Peer 1: 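Pasting a structure below so you can have a look.
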Amino acid sequence: MSTQGSDQRDELLRGTLDLLILRTLKFGPQHGQGIARAIQQRSGEALLVDHGSLYPALQRLEERAWVRAEWGTSDNNRRARFYTLTPIGRKQLTSEIGRWQRLVESIERILGPEPLRE
Amino acid sequence: VRRSQEDFAAEIRSHLELEAAQLAREGVSEADAKLEARKKFGNVGTAQERFYRSMHVMLLDDLWRDVRHSTRVLARTPGFAVVAIVLLALGIGATTTLFSAVNGVLLRPLPYQRPEQLVAVGLANPRQPHLRGGASAPDFLDWRERARAFSDLAAYRPWGFVIDGNGEPERVLGVKASANLFRLLGVRPLLGRTFLTSEGQFGSSGVVLLSERLWRRRFGGDSSIIGTGIDLDGERHIVIGIIQSGLGPSDAELWTPLAFAPYELTQRGNRSLSVVGRLQPGMQLSVAQAEMQSIAESLAKTYPDADAGWSARVAPLKDEIVGDTKTSLVLLFSATCAVLLVACTNLANLILAREQVRQRELTIRSALGAGTHRLIRQLGTEYMLVLLIGWLGALLLSFVATQFFERLGPEYLPRSGEVAIDSAVLWFAIVAMFVVGIGLALLLVRQLAEIDLTTSIKGGSGTLGNPGGLLRDSLLVAQVAISFLLLLGGTLLIMSFLRAGETVLGFDPANVLSVTVSLPTDRYPAPDQRLEFFRELTDRVQVRNGVTSVGLVSSLPLSRSAGGAGPLAELKVEGDGLQSAAQVPRANLVAATSDYFHSLRIRLLRGRLFSPDDKMQRRPVAIIDEGLAERIWPRSMSTPPRIRIGTSLGADTAWREVVGVVNGVKATSVERDPEPTVYLPYAQTAWPTMALVARTVSDPASYAAAVRRDVLDLDPSEPVYNVRSLEQVVDRALAARRFQTLLFTGFALIALLLAVVGVYGLLSFSIAQRTRELAIRVALGAQARHVKRIVIRQAAVRVGLGLTMGLMLTPVTSNFVRSFLFEVNPWDLHAMTIAVFLLVSAGLLASYVPARRAAMADPLIALKRE
């Protein structure tokens with residue numbers, strides 16, 4: 001996970017990668033590179049996904065049976081491994097989102113209403 | 001989800017291609033796109049490693065590395081590894097083996113249905129404790145009718161059968177058992193069926209059950225034998241089934257139904273039956289005992305002639321079968337536990353010394369950042385490896401040794417066939433390993449806690465101080481003490497064995513051959529025929545070259561089974577008034593010829609031996625032994641007494657004159673004094689089964705074939721059995737004691753050896769630790785003998801302390817072995833002296849080599865090495 005030079009993109013918070021992957025897969029099956037791109041684009045290029053940690057994360061999710069994987073062919077006719085959300089993963093996504101929102105709310109309560117700028 | 005490393009790599013390749021393609025679409029040049037994609041991915045290797053880690057249980061991987069490392073470390077000092085493994089294998093192996101015997105013989109239930117309900121019922125004679133009688137036929141029938149505590153009672157008696165037809169006639173040990181015996185025990189036959197109740201009736205046609213062993217040996221395991229007839233004692237018997245060998249309360253080769261002949265129902269004194277019973281469900285042993293007691297008392301009132309003085313005895317069947325073996329096994333098992341203890345203390349000392357030497361290495365590694373966790377893990381693996389290999393060695397050892405126990409046979413060890421490595425034994429071995437392992441682990445943790453960066457690195461190799469020394473010394477002292485106790489026990493047992501071998505037997509066993517011949521009464525119904533056969537046989541053997549005298553006897557010395565089975569006589573002495581039944585002298589009844597006494601060199605003390613005139617129709621005579629003579633023919637009495645002998649087969653109708661007194665002969669065992677004995681002239685008994693004894697001028701075994709031929713020449717269908725020299729008979733009588741003494745002494749010697757190794761190891765180590773100190777002493781002018789003295793003193797103090805401790809603990813050993821000693825006092829001073837001497841010399845021997853080495857060391861080299 002690197003922040004490179006003047007790059008303003010933020011490092012992913014620990015533990016959020018799983019949530020983002022699951023959320024991305026909600027739109028349909030996707031391969032790893034596609035997932036990384038999607039996260040980057042949907043965050044308005046604000047979040048950088050470290051490709052090196054993406055695959056172990058996918059592997060982890062696969063082991064937990066939250067996603068299913070299958071080799072297939074990509075839009076531009078290349079072999080790629082496609083990941084699909086399983087019913088367990090779908091349920092997990094709901095609870096992860098809930099948890100995340102609770103976390104955000106509590107952090108906001110601590111930070112207070114005014115922006116943290118001097 | 002198992003995924004291969006290749007699959008994962010393929011996915012990464014696919015990612016890089018997709019990314020590069022997209023970048024190219026976004027306008028990056030093709031070469032840059034590839035580079036950029038790779039850059040964005042980060043370290044491919046790291047990702048792959050992370051994948052690898054997620055797929056493998058890392059623990060195993062580390063373990064494998066630790067094992068390889070440990071193997072290398074151990075191989076660097078193979079001496080330690082080998083000694084440690086041998087110690088563990090010996091200690092755990094010996095304990096496990098003895099446990100397998102304890103388990104098979106004492107702990108495992110008997111192989112019958114509901115074995116806890118099975119009891120042995122017998123009679124005891126409080127006034128004559130060596131007479132432990134069984135039941136007579138009428139007694140047994142009365143018990144069966146009256147006793148309510150048992151759901152059933154069954155009786156059996158051993159019986160020698162001659163099998164004929166189908167090859168050479170052969171004598172086999174069998175049992176006559178009441179028809180319900182197998183049903184009572186819950187034994188199912190391998191083939192066929194067991195006895196029917198009707199087959200236990202007197203006069204019913206003969207049936208027989210074969211043991212599996214006999215069936216395989218003589219009949220080739222042919223199942224079509226069922227339903228066919230075989231000849232037993234000249235009578236046709238139909239084989240109805242095959243019984244697994246070793247089942248049944250006696251080690252029999254075949255079984256026939258026990259049926260009581262009418263005459264037997266009148267013989268209340270003929271106590272030749274063993275009785276087993278099954279208690280009613282929920283019945284207490286004590287209640288059954290009380291009931292049998294009252295039945296015995298009431299029978300004694302009704303039949304005072306036969307039953308007075310006898311009381312009943314009910315004991316668990318297992319106890320009855322196991323008998324005295326229990327204490328013997330417990331003794332041997334304790335000895336192996338002591339050996340294990342010594343082995344472990346030894347190992348602990350070895351490890352302490354080894355770790356002390358390695359302390360500097362460990363400290364440096366610790367200083368370089370190896371976590372304590374990592375160090376413990378590495379040491380742990382090292383010792384686990386040693387423990388595991390040692391344990392496997394122990395298992396191997398006990399597998400081999402258990403076979404030996406299994407083959408011992410019931411005369412050494414009852415139920416020996418049931419000794420095996422089963423799950424209980426494996427559990428025992430596993431628990432033993434864990435206990436040893438935990439002890440070692442505690443030791444290691446303690447040692448690691450002592451790692452102190454500064455002192456160790458500074459090179460403080462214990463010039464004067466001796467860290468951890470107290471623990472090591474205590475372990476050594478304990479080891480010496482335990483070894484001493486074992487040595488003392490071994491010495492006492494060996495002395496007992498030697499005494500037992502030297503006892504006065506009452507006969508001279510050297511150069512005497514004996515064979516037993518049993519005439520079937522169907523072919524030799526008349527007493528004259530039997531007398532004629534044996535007379536002819538003795539004549540034939542007599543004229544053989546090298547045979548000096550030939551006699552006949554109905555039971556050989558040292559061959560009567562304990563408990564008084566075998567003919568027993570009750571004597572009425574003329575003029576002795578009306579003796580009450582309880583006071584009637586009882587004596588072993590033996591038929592013999594005069595040459596029997598000559599052949600065995602049994603001395604005549606008074607009167608005469610039998611003469612050719614002591615024949616069937618003449619005046620009945622008897623010879624008694626000195627023990628009986630003290631009671632009925634004291635020196636003060638000149639006229640010989642006249643007696644009437646009552647036996648199970650009937651009583652004398654006329655007075656029998658005692659014509660002579662011979663010296664006492666040990667009849668049952670080497671360790672039991674001669675029992676009162678009455679000898680009848682063979683010519684007046686004409687019993688069918690007699691042992692022929694021949695004194696020869698050279699090795700009696702070389703005459704066996706000739707004697708066998710003489711028998712077969714006379715009657716080709718006559719089996720000859722129990723062909724052996726009397727020295728073999730004596731040898732066999734000592735076998736159980738020899739076995740037990742050998743094993744115990746073996747363990748004691750192992751313990752002594754371990755103690756020697758312990759002393760040697762500790763001294764060598766301590767000298768290595770004190771090299772600098774000793775070198776300085778030598779440099780300052782100490783003589784070699786001074787150095788030697790220092791070292792030997794060090795050993796002497798520890799051995800001395802161990803000895804003192806051992807001596808204080810002697811009551812433990814003495815009480816333990818007391819019941820195994822024969823004519824040796826458990827406090828025997830000689831034994832103590834021998835044990836002390838052995839231990840001190842072993843200690844000196846163990847300290848001499850290190851002492852010499854220390855004295856020879858060149859101070860310059862020693863100091864430089866530091």
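On a predicted model such as this, the values are computed, not experimentally measured, just so you know. Every chain is numbered from 1, with letters handed out A, B, ... down the list of sequences.
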Peer 1: Distance check, rounded to the nearest 0.5 Å: B/Glu11 atom CD versus A/Gln33 atom CD?
Peer 2: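 Interatomic distance, B/Glu11 CD to A/Gln33 CD, rounded to 0.5 Å: 11.5 Å.
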Peer 1: Would you name the heavy atoms of B/Ser14 and A/Ala80 that are closest together and state the gap between them?
Peer 2: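 The pair with the smallest heavy-atom distance is OG-CA, 3.6 Å.
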Peer 1: So for atom CZ, which belongs to A/Arg37, do other residues, nucleotides or ligands contribute more than 12 heavy atoms lying within a distance under 6.0 Å?
Peer 2: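 It does: A/Arg37 CZ has more than 12 such atoms within range.
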Peer 1: Hey, is A/Arg79 close enough to B/Glu17 for a salt bridge, meaning N to O under 4.0 Å?
Peer 2: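 The answer is no: the pair does not qualify as a salt bridge.
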Peer 1: Decide if atom CH2 of B/Trp427 counts as having more than 12 heavy atoms of other residues, nucleotides or ligands within a radius under 6.0 Å.
Peer 2: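 It does not: B/Trp427 CH2 has 12 such atoms or fewer within range.
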Peer 1: Flag yes if more than 12 heavy atoms outside B/Glu26 fall under 6.0 Å of its CD atom; otherwise flag no.
Peer 2: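 Check passes, neighbour count above 12.
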Peer 1: Could I get the full list of ring pair (Phe, Tyr, Trp, His ring centres under 6.0 Å) partners for A/His31, not counting sequence neighbours?
Peer 2: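 Once residues adjacent in sequence are excluded, the partners of A/His31 under the ring pair (Phe, Tyr, Trp, His ring centres under 6.0 Å) criterion are A/Phe82.
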Peer 1: From A/Arg81 CZ over to B/Asp7 CG, what is the distance, rounded to the nearest 0.5 angstrom?
Peer 2: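 Here the interatomic distance stands at 5.0 Å.
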Peer 1: About how many Å separate CZ of A/Arg78 and NE2 of B/His15, when rounded to the nearest 0.5 Å?
Peer 2: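 Rounded to the nearest 0.5 Å, the NE2-CZ separation comes out at 13.0 Å.
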Peer 1: Measure B/Arg13 against the heavy atoms of chain A and call it side chain, backbone, both or neither at under 4.5 Å.
Peer 2: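 Contact with chain A is absent: no heavy atom of B/Arg13 under 4.5 Å.
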